[in-house]
Amino acid sequence: MTTATRTAPGADSPGRPRTAAAAPPRRRFRTRALIPWGFVGPFLALFTLCFFLPILYALYQSFIQIRRYGLFGEEGRETVFTGFDNYARALGQEAFVDSVGRVLLFGVVQVPVMLGLALVLALLLESASATWPGFFRALYFMPYGVPGVVASLLWGFLYVPGLSPILDVAGLVGLEPDLLGPNSVLWSIANIITWLFIGYNMLILIAQLKTIPSELYESARIDGAGPLQTAWHIQLPLIRPALVLTTVFSIIGTLQLFAEPQILAAFTVNIDSAYTPNMAAYRSAFTDNDYNVAAAQSVLVALTAFVLSFGFLWLVNRKDRQR
Amino acid sequence: MTTTDVKKGDAAPARRRPGGATGASTRSRILVTAILAVAAVYFLVPVYWVFVAATKTTSDLFDSFGFGLGEEFVLFTNISEVLTYNGGIFWRWTLNSLLYSVLGALLATLLAAAAGYALAKYDFRGRELVFGLVLGGVLVPAAATALPLYLLFSQIGLANTYWAVLLPSLISPFGLYLCRIYADASVPDSVIESARLEGAGEGRVFFTLGLRMMAPALVTVFLFQMVGIWNNYFLPLVMLADEGLYPITLGLVTWQSYQGRDIEMYMRVVTGSMLSVIPLIIAIVVLQRYWRGGMTAGAVKG
């Protein structure tokens, strides 16, 4: 993303608009300066409406409360600024704090497992030993096209005793796993997420694997490196950017968990209505009708995503510098 | 097909990427293929199950072995039951999903293309600020904006309308990112300049040259956005109250919530799920080439 090499279209001198404005065709430049905004404008307008304003609005809502007077608010109501009171109330909900801890635990286990499997499949598909790599690649990517809702319904049926053929098969060998138990259900959700997104992450990793020049493989081969050594010393370091990218996306995705646990909740009593932070925020907004606490919870989720994503990036960069 | 593949691999080890030192030994080939096949089974299990289950009667669903056929084969009865139930509302949901995802993805791609093209090809004040802001938007969990967006939309009367789902679907920060990188790499300044010299306006340059040269990236942006919208659940759940506006995902969940009261609902949920995965599975497998193409561009430059 270099900016220095780009020249301003139409203007004789490259560089900042201010220098260009001093150039002779002044009026022409004025209208020219508006042209890029004509292209960016529609996107930007919608981005402002659907991203920027909601975030500002959530921030605003998270700092106010609406006081109603009278039994049904018929004696008037007022909006008061309450500082961090909504945040205190959000964090005061034990269920919300638990839900944050739950998704963090989920992420610590599920993200490495999913990305590890995606990496293994990507390396295998790109190795010389793979048969029909195109076929398998398409097949592994296929779940990405299945809506999370539908995937949860399907896996839900596969988890329920009495319906699940998987449990039937397990029963034949004497196993009676409880896939929807109070402790195991989190990992049953993890399985759904893993199933949905391995192929997607694998595809990103494969895309970067394909950019490794073949001379590198050639020289590794001449040095006598086997497939494992090649993977460890050449492929892994070179696809680090893709690994970092997929990790950040996965962290953000984990904090947003909503559809899968909500659908599975219909199959088990072990998922409550505030199982994940997003479910808690949804409950605050639509069951408790407390938009202000819901806004505070949404802001907290977004902040956690930011802190974790940037924390991870910082960690990665620091390691790079130490090298 | 296998034999020719093996032979080619032996003759020219560089044809396919690295791994084995010289081609690949038969043993490692068998081992790797076995692992790949096991993984394939894992990915196929739920899909296979739903296709089998959709052929069963309600009692077979509960009584027969899940991976085998039931006593009766009633797939077509089930399908027509899904399509006619409640005045054929499943059709309506399908059309809604198509409207949201296809129209939404088309417009989103156009918007991202125009903005990405401008960010790549014009030098203007605020350019990096715009890019940075939008990329920051990628990091904000979409679900975190859905709630406040609902509050905002309900104040301007947009909640519970087609617009409520369509408008937010038109923004693809990832698309903008990919389009900018792609336009940077594949739309040469010289081509734009010579088109200008021939008297083409800026808009025409973009629509006739820019869009065409960015086509591979645009296909990728379109596909990702379409799947994203098709699979979306939280946004329509928050925004929509009227069943007639629901996409398939939300509709199926509504049916699922009736399961406790009406056992016949199970078959509708199962068959509806099966019908809803067919179009996107076809899209993914058939259009596989394009998913790769654009993502490589992103990975190379990113």
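Residue numbers begin at 1 in each chain, while the letters A, B, ... track the order of the sequences.
Both the backbone and the side chain of Val134(B) come within contact range of chain A, with heavy atoms under 4.5 Å apart. Using a 4.5 Å cut-off between heavy atoms, Ile248(B) makes no contact with chain A at all. Using a 4.5 Å cut-off between heavy atoms, Ser172(B) contacts chain A through its backbone alone, with no side-chain atom that close. For chain A, the nearby part of Phe153(B) is the side chain; its heavy atoms alone come within less than 4.5 Å. Contact of Ala295(A) with chain B is not made at all, since no heavy-atom distance falls under 4.5 Å. In this structure, chain B has no heavy atom under 4.5 Å from any part of Leu300(A). For Leu149(B), the parts lying near chain A are the backbone and the side chain together; criterion is any non-hydrogen pair under 4.5 Å.
The environment of Trp37(A) atom CH2 is dense: over 12 non-hydrogen atoms of other residues, nucleotides or ligands sit within 6.0 angstrom.
Ranked by heavy-atom pairs under 4.5 Å with chain B, the list Val146(A), Leu205(A), Val299(A), Ile251(A) is led by Val146(A). The candidate from Ala259(A), Cys50(A), Pro42(A) with the greatest count of non-hydrogen atom pairs under 4.5 Å with chain B is Cys50(A). Contact count versus chain B (heavy atoms, under 4.5 Å) is highest, among Ile239(A), Leu123(A), Asp168(A), Leu158(A), for Leu158(A). Counting heavy-atom pairs under 4.5 Å between each of Leu153(A), Val301(A), Leu56(A) and chain B puts Leu153(A) at the top. If you tally non-hydrogen atom pairs under 4.5 Å between each of Phe249(A), Tyr282(A), Phe306(A) and chain B, the highest count goes to Tyr282(A). Taking Phe310(A), Trp155(A), Phe47(A) one by one and counting their heavy-atom pairs under 4.5 Å with chain B, the maximum is reached by Phe47(A).
The CG atom of Asp63(B) lies 9.5 Å from the CG atom of Leu163(A); values are rounded to the nearest 0.5 Å. To the nearest 0.5 Å, atom CZ of residue Arg29(B) and atom OG1 of residue Thr131(A) are 5.0 Å apart. Residue Phe124(B) holds its CZ atom at 10.5 Å from CZ of Phe39(A), rounded to the nearest 0.5 Å.
Taking the six-membered ring for Trp, Tyr150(B) and Phe286(A) have ring centres closer than 6.0 Å.
Here the side chain of Tyr291(A) pairs no donor or acceptor atom with the backbone of Pro148(B) at under 3.5 angstrom.
Using a 30° and 60° split on the angle between ring planes, Phe224(B) and Tyr200(A) fall in the perpendicular class, above 60°.
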